[in-house]
Amino acid sequence: MYDATFPRDGDLSLLTPPHPMTASRLLPVLVRTTFHRRITSRAMDLDISQSKIMITSHNQYSSSTQLSPSTVLPSPLDQFRTWFAAAASGTETTPRVPEPEAMSLATSTAAGVPSVRVVLLKQVDDKGFVFYTNYNSRKSGELAENPVAALAFHWKEVQRQVRVVGIVEKVSAEESTAYYKSRPAGSRIGAWASPQSQIIGEGELQKRVDEVAAKYRSEDGKEADIPRPEFWGGWRVVPTEVEFWAGKQSRLHDRVRYLRDGDSWKIERLAP
């Protein structure tokens with residue numbers, strides 16, 4: 001057994017006993033070695049061997065949020081907007097979440113083979129949650145053949161999560177165009193240049209970017225209007241289920257779930 005203590009900032013120079021290798025080369029060796037290692041930090045204990053990684057401890061949650069069916073708003077979209085605003089700006093008692101719009105998006109094929117990735121929320125309206133992407137991407141292909149999706153927001157800094165399940169639909173062309181025009185020029189060029197989710201050769205993407213940039217450059221060298229590609233636009237997840245989660249001690253978390261019931265919502269507490 002080899003015991004190494006890592007400080008919170010990850011300074012490998014404090015690793016004991018001394019190791020002749022540089023810090024940048026040490027961690028891969030720790031993972032690849034056939035000898036069993038134990039790494040202890042202030043955040044967690046890790047047991048790392050050749051075949052597995054075991055996480056043997058974790059910080060306890062201690063959210064001050066009082067979450068129950070009686071404390072939430074009647075609409076999950078209104079409740080989400082309240083939580084999102086607090087995460088984005090912070091409050092007197094909670095810190096600001098650096099990127100609250102980051103969300104995991106889960107899709108699956110018609111045969112039920114799942115895939116998940118992190119995307120960015122761009123709008124919450126009265127119908128649901130909107131994000132934008134290439135309509136020829138893997139996620140869009142799966143949504144086209146199996147139009148259901150799940151979202152998950154994890155806001156570690158405030159010990160809250162939100163989970164969404166719903167039916168998907170494309171947003172209107174007008175909505176997609178309006179958002180596309182708000183994007184930086186580089187992002188608009190990238191939408192044309194990147195054949196998202198397709199295999200691409202080394203250097204090919206930059207070549208395509210340069211070609212698109214040249215195509216939409218005016219005679220005086222300034223950036224010309226870059227129209228929205230027809231293969232790029234928004235998806236809206238129209239929720240049928242939304243769960244709000246607040247972390248508590250001993251994993252006895254608060255969970256409140258909304259289930260769509262006609263034009264209204266049924267609100268229930270779930271066991272952690």
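The chain is numbered in sequence order, starting from 1. Note that the structure is predicted; figures quoted are calculated from it, not measured.
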Pair Met103-Val162, side-chain contact (heavy atoms from CB on, under 4.5 Å): steps then yes or no: CA-CA 9 Å; Met103 61 184 185; Val162 182; over 6 Å; no
Step-by-step side-chain contact (heavy atoms from CB on, under 4.5 Å) determination, Arg117 to Thr107: CA-CA 9 Å; Arg117 74 290 290 162; Thr107 60; 3.1 Å; yes
Evaluation steps, side-chain contact (heavy atoms from CB on, under 4.5 Å), between Val148 and Asn146: CA-CA 6 Å; Val148 293; Asn146 187 17; 3.6 Å; yes
Step-by-step ring-ring contact (aromatic ring centres under 6.0 Å, His included) determination, Phe244 to Phe80: CA-CA 8 Å; Phe244 294 85; Phe80 179 85; 7.0 Å; no
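In this structure, Leu270 CG and Arg257 CZ are separated by 4.5 Å, a value rounded to the nearest 0.5 Å. Rounded to the nearest 0.5 Å, atoms OG1 (Thr177) and CD (Glu230) are 9.5 Å apart. Rounded to the nearest 0.5 angstrom, His154 NE2 and Gln159 CD are separated by 9.0 Å. With values rounded to the nearest 0.5 angstrom, Glu175 atom CD is found 7.0 Å from Asp125 atom CG. Distance check: Gln206 CD to Glu204 CD gives 12.0 Å after rounding to the nearest 0.5 Å. The OG1 atom of Thr240 sits 8.0 Å away from the CG atom of Leu259 when rounded to the nearest 0.5 Å.
Looking only at side-chain heavy atoms (C-beta outward), Phe153 and Arg160 stay at 4.5 Å or farther from each other. Contact annotation: the side chain of Val118 approaches that of Ser104 to within less than 4.5 Å [non-hydrogen atoms, C-beta and beyond]. Between Tyr179 and Val130 there is no side-chain heavy-atom pair separated by less than 4.5 Å. Counting heavy atoms from C-beta on, the side chains of Arg260 and Trp265 come closer than 4.5 Å. You'll find the side chain of Gln161 stays beyond 4.5 Å of the side chain of His253, heavy atoms only. No side-chain heavy atom of Phe131 sits under 4.5 Å from any side-chain heavy atom of Leu121.
Across Arg269 and Leu67, no two heavy atoms sit closer than the pair NH2-O, 3.0 Å. Shortest non-hydrogen contact noted between Arg138 and Ser197 is N-OG, 3.1 Å. Across every non-hydrogen atom of Thr94 and Val158, the tightest pair is CB-CG1, 3.8 Å. The heavy-atom pair separating Leu77 from Asp126 by the smallest distance is CD1-O, 3.4 Å. Across every non-hydrogen atom of Ala191 and Arg183, the tightest pair is CB-NH1, 4.0 Å. The minimum heavy-atom distance linking Leu205 with Ala193 is given by the pair CD1-O, 4.0 Å.
Between the side chain of Ser68 and the backbone N or O of Val256 there is no donor-acceptor pair closer than 3.5 Å. Under a 3.5 Å cut-off, the side chain of Tyr180 and the backbone N or O of Pro227 do form a donor-acceptor pair. When atom types are taken as modelled, the side chain of Ser140 and the backbone of Ser137 share no donor-acceptor pair closer than 3.5 angstrom. A distance-only check finds a donor-acceptor pair linking the side chain of Ser264 to the backbone of Asp261 [under 3.5 Å]. A donor-acceptor pair is defined here as one N or O able to donate and one able to accept, closer than 3.5 Å; such a pair exists between the side chain of Tyr135 and the backbone of Gly234. At least one donor-acceptor pair closer than 3.5 Å links the side chain of Lys248 to the backbone N or O of Thr65. With hydrogens and angles disregarded, a donor-acceptor distance shorter than 3.5 Å links the side chain of Thr109 to the backbone of Ala111. Checked by atom type and distance alone, the side chain of Glu157 never pairs as donor or acceptor with a backbone atom of Val97 at under 3.5 Å. No donor-acceptor distance shorter than 3.5 angstrom exists from the side chain of Ser194 to the backbone of Gly190, with no hydrogens or angles considered.
Under the 4.5 Å side-chain contact rule for hydrophobic residues, Leu105 and Trp245 do not share a cluster. Residues Val72 and Phe129 fall within the same hydrophobic cluster, defined by Ile, Leu, Val, Met, Phe, Trp and Tyr side chains chained together at heavy-atom separations under 4.5 Å. With hydrophobic clusters built from ILVMFWY side chains whose heavy atoms lie under 4.5 angstrom apart, Leu143 shares a cluster with Leu151. Both Val209 and Ile226 are assigned to one and the same hydrophobic cluster, defined by single-linkage of ILVMFWY side chains at heavy-atom distances under 4.5 Å. Residues Val242 and Val119 fall within the same hydrophobic cluster, defined by Ile, Leu, Val, Met, Phe, Trp and Tyr side chains chained together at heavy-atom separations under 4.5 Å.
Donor-acceptor pairing under 3.5 Å is lacking for the side chains of Arg228 and Ser176. Under the 3.5 Å distance criterion, with hydrogens and angles disregarded, no donor-acceptor pair is assigned to the side chains of Trp235 and Thr133.
The residues Asp78 and Arg81 are annotated as salt-bridged, a charged nitrogen and a carboxylate oxygen being separated by less than 4.0 angstrom.
Residues Phe231 and Trp192 bring their aromatic ring centres within 6.0 Å.
More than 12 heavy-atom neighbours from other residues, nucleotides or ligands sit within 6.0 angstrom of CD on Gln60.
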